[in-house]
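Index from 1, following the sequence.
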Amino acid sequence: MKENRIRILYIDDEVHNLNAFRASFRRSYEIYTASSAQEGKLLLKSIDVHIIIADQKMPVSTGVDFFSEIKDQLPDPIRILLTGYTDVEDIIEAINKGHIFSYVKKPWDEYELHNTISNAFEMYQARKQLKEKITELEKINDELNRFIYSTSHDLRSPLMSVLGIINLARLDNSVKDPNGYVDMIESCILKLDGFIQKIIEYYRNSRLDVEYEKIDFDSLLQECIAAFKPQNTAIEFQLNIDQPVDFKGDTFRISVILNNLISNAVKYQKPDEANPKVNLTVKVEPHKATIWIEDNGIGILSEHLNNIFKMFFRSKNNNKPGSGIGLYIVKEALNKIGGTINVESKYGEGTQFEITIPNRNDFDS
């Protein structure tokens with residue numbers, strides 16, 4: 001059928017070349033011709049072609065110049081140059097710049113030109129399919145992100161309502177619960193809410209642009225400690241900040257990193273530890289900040305150290321399995337801001353994380 005044929009526009013200022021091209025290829029392709037670059041541009045406004053073939057040597061505009069002019073406006077058609085002279089450097093430059101796909105010498109060999117057209121059309125189809133796949137993936141990715149964001153927030157609302165009802169029941173003593181079922185319900189709700197908040201962190205990290213602003217590590221870490229101290233009031237937090245120079249970084253992502261690591265340091269303390277500790281040390285230099293977070297908790301098995309930053313990895317060496325997403329989010333957030341993380345741990349003795357974050361103080365706000 002005609003609509004399935006390859007559509008070609010051939011531009012040449014010599015009429016006998018146009019006639020010869022049409023006579024040779026009209027049975028194989030849907031042919032359109034123009035005797036000048038200007039006429040070719042007019043035709044391209046009304047005809048959607050797959051391939052454009054242009055003679056290099058034309059009086060007003062060369063083939064390379066013509067392709068250069070239309071490249072941005074019409075990126076899809078594959079461009080082939082016909083040249084009657086061997087100016088190899090110009091041709092190579094045009095190919096390297098993406099102005100032409102290939103070239104054929106005049107007088108053309110019919111078999112060679114058939115092959116060039118066939119290869120060009122395969123390129124056209126491959127590019128079209130790739131563009132369609134990219135568009136489809138972008139649409140799916142956008143829909144998935146919006147679904148995750150919307151669902152996460154919609155899920156948190158009823159959970160907060162349940163927690164509110166539990167608190168009311170405790171305040172007026174309207175529920176007798178000798179077996180502690182209400183506490184179990186609250187614990188499950190808090191665990192689910194924590195997981196939902198991790199999903200929101202992951203979403204925001206993947207979608208939000210990086211923004212640099214001045215950070216006072218003393219204030220930031222005091223806020224983190226205040227948030228997690230109530231979970232285990234026996235823990236002694238030791239804070240050592242050495243910040244002689246300004247530090248500029250992404251506050252949101254650095255907060256996510258610190259909150260996840262400090263949360264783990266609190267969560268994975270040894271139940272029988274008489275003096276639980278979490279040491280937080282920061283050293284700020286002109287080009288980077290290095291942060292150490294060290295605890296004397298249960299530690300991590302050596303065979304698990306290479307896996308802890310993988311999504312949904314859960315260590316089975318403790319009775320407090322996490323969501324398996326916190327350290328993955330830490331690694332992803334560091335990747336966004338150009339940071340690194342290293343971990344050392346001895347099972348039964350504790351864990352130390354070392355984070356390095358570039359100081360963007362030379363960047364404009």
Honestly curious: do Ile200 and Leu192 fall in one hydrophobic cluster under the side-chain, below-4.5 Å linking rule? yes
Is Ile185 linked to Leu159 within one hydrophobic cluster, defined over Ile, Leu, Val, Met, Phe, Trp and Tyr using a side-chain heavy-atom separation of less than 4.5 Å? yes
With a 6.0 Å cut-off (strictly less than), is the heavy-atom count around CD of Glu211, excluding the residue itself, greater than 12? no
Intermediate values then yes/no, side-chain hydrogen bond (donor to acceptor under 3.5 Å, both in side chains), Gln238 and Glu236: CA-CA 6 Å; Gln238 296 181 347; Glu236 179 188 353; 3.1 Å; yes
When you check the gap from the basic side-chain N to the acidic O, do Lys336 and Asp250 get nearer than 4.0 Å? no
Apply side-chain contact (heavy atoms from CB on, under 4.5 Å) to the pair Lys71 and Arg79, showing each step before the final yes or no. CA-CA 9 Å; Lys71 177 178 177 289; Arg79 299 171 291 277; 3.8 Å; yes
How about NZ on Lys229, more than 12 heavy atoms from neighbouring residues, nucleotides or ligands closer than 6.0 Å, or not? yes
Could you walk me through whether His287 and Glu285 pass side-chain hydrogen bond (donor to acceptor under 3.5 Å, both in side chains), step by step? CA-CA 6 Å; His287 301 295; Glu285 300 173 81; over 6 Å; no
Student check: side-chain heavy atoms of Asn240 and Trp292 closer than 4.5 Å: no
Counting only heavy atoms not in Phe21 (residues, nucleotides, ligands), do more than 12 fall under 6.0 Å from its CZ? yes
Check side chain to side chain contact (heavy atoms under 4.5 Å, CB included) between His114 and all other residues, then give those that pass, not counting sequence neighbours. Phe25, Ser28, Tyr29, Glu110
Do Met160 and Leu168 share a hydrophobic cluster (ILVMFWY, side-chain heavy atoms under 4.5 Å, transitive)? no
Beyond-backbone contact of Phe247 with Ile254, side-chain heavy atoms, under 4.5 angstrom: yes
Residue pair Val104 / Ile53, side-chain heavy-atom distance below 4.5 Å: no
Heavy-atom side-chain contact between Met184 and Asn179 under 4.5 Å: no
Under 3.5 Å: donor-acceptor pair, side chain of Ser345, backbone of Gly350: yes
Sub-3.5 Å donor-acceptor pair from the side chain of Asn167 to the main-chain atoms of Leu163, do we have one? yes
Separation between CD1 of Ile11 and CZ of Phe67, rounded to the nearest 0.5 Å: 6.5 Å
Once rounded to the nearest 0.5 Å, what's the spacing between atom CD1 of Ile355 and atom NZ of Lys288? 13.0 Å
Under 3.5 Å, is there a donor-acceptor pair between the side chain of Asn359 and the main chain of Val284? no
Between Leu43 and the options Val49, Ile52, Leu9, Thr33, the side-chain contact (heavy atoms from CB on, under 4.5 Å) test singles out Leu9
For a quick test of reading the model, state the closest non-hydrogen atom pair linking Phe66 to Ala54 and the distance between them. CD2-CB, 4.3 Å
So if you build clusters from Ile, Leu, Val, Met, Phe, Trp, Tyr with side-chain heavy-atom gaps below 4.5 Å, do Val182 and Val162 land together? yes
Would you say the side-chain atoms of Asn259 pair up with the backbone N or O of Ser255, donor to acceptor, closer than 3.5 Å? yes
If Ile, Leu, Val, Met, Phe, Trp and Tyr residues are connected whenever their side-chain heavy atoms lie under 4.5 Å apart, and connections chain through other members, are Tyr10 and Leu42 in the same group? no
Inspect the surroundings of NZ in Lys41 and state if more than 12 heavy atoms from other residues, nucleotides or ligands are less than 6.0 Å away. yes
Of all heavy-atom pairs between Trp108 and Asn17, which one has the smallest distance, and what is that distance? CH2-O, 3.8 Å
Got Ile117 and Ile8 here, is their nearest side-chain heavy-atom distance under 4.5 Å? yes
Stepwise, does the side-chain contact (heavy atoms from CB on, under 4.5 Å) test hold for Phe217 with Ile291? CA-CA 10 Å; Phe217 278 104; Ile291 305 168; 3.8 Å; yes
Main-chain N/O of Glu213 paired with Arg360 side-chain donor or acceptor, under 3.5 Å: no
Please report the closest heavy-atom contact between Asn205 and Phe252, naming both atoms and the distance. N-CE2, 3.9 Å
Tell me if a side-chain donor or acceptor on Gln231 pairs with a main-chain N or O of Lys267 at a distance below 3.5 Å. no
Check: Asn260 side chain, Val256 main-chain N or O, donor-acceptor pair, under 3.5 Å: yes
Closest heavy-atom pair and its distance - Ala120, Ile78: O-CG1, 3.3 Å
Heavy-atom pair of closest approach, residues Thr351 and Gly299: OG1-CA, 3.5 Å
Kindly say whether Ile215 contributes a backbone atom to a donor-acceptor pair with the side chain of Gln243 at under 3.5 angstrom? yes
How many angstroms lie between atom CD of Glu294 and atom CD of Glu344, to the nearest 0.5 angstrom? 9.0 Å
Could you walk me through whether Lys139 and Thr135 satisfy the side-chain contact (heavy atoms from CB on, under 4.5 Å) test, starting with their C-alpha distance in whole Å, then the side-chain angles of each, then the deciding distance to 0.1 Å, before giving a yes or no? CA-CA 6 Å; Lys139 180 174 179 290; Thr135 301; 5.7 Å; no
Applying side-chain contact (heavy atoms from CB on, under 4.5 Å) to Ile341 and Ile257, what does each step give before you reach the verdict? CA-CA 10 Å; Ile341 185 168; Ile257 293 162; 5.8 Å; no
How about Glu273 and Ile298: do any of their side-chain heavy atoms sit closer than 4.5 Å? no
Please say whether more than 12 non-hydrogen atoms of neighbouring residues, nucleotides or ligands are located less than 6.0 Å from CG in Asp209. no
Would you say Lys105 and Glu112 make side-chain contact, with heavy atoms under 4.5 Å? no
Distance check, rounded to the nearest 0.5 Å: Phe309 atom CZ versus Leu327 atom CG? 5.5 Å
Just say parallel, tilted or perpendicular for the rings of Tyr124 and His50, cut-offs at 30° and 60°. perpendicular
When rounded to the nearest 0.5 angstrom, what is the spacing between CG in Leu74 and CG in Leu44? 5.5 Å
Donor-acceptor pair, distance only, cut-off 3.5 Å: does the side chain of Asn119 make one with the backbone of Asn115? yes
According to salt bridge (Lys or Arg N to Asp or Glu O under 4.0 Å), who are the partners of Arg170, at least two apart in sequence or on a separate chain? Asp183, Glu186
Scanning both residues in full, the closest heavy-atom pair of Ile6 with Ile51 reads CG2-CD1, 3.8 Å
Quick one, Asn335 and Glu332 - any side-chain contact, counting heavy atoms below 4.5 Å? yes
Just by distance, do the side chain of Arg127 and the backbone of Asp76 share a donor-acceptor pair under 3.5 Å? no
Does atom CD of Gln73 have more than 12 heavy-atom neighbours from other groups under 6.0 Å away? no
Atom OG of Ser161 and atom CD1 of Ile166: how far apart are they, to the nearest 0.5 Å? 11.0 Å
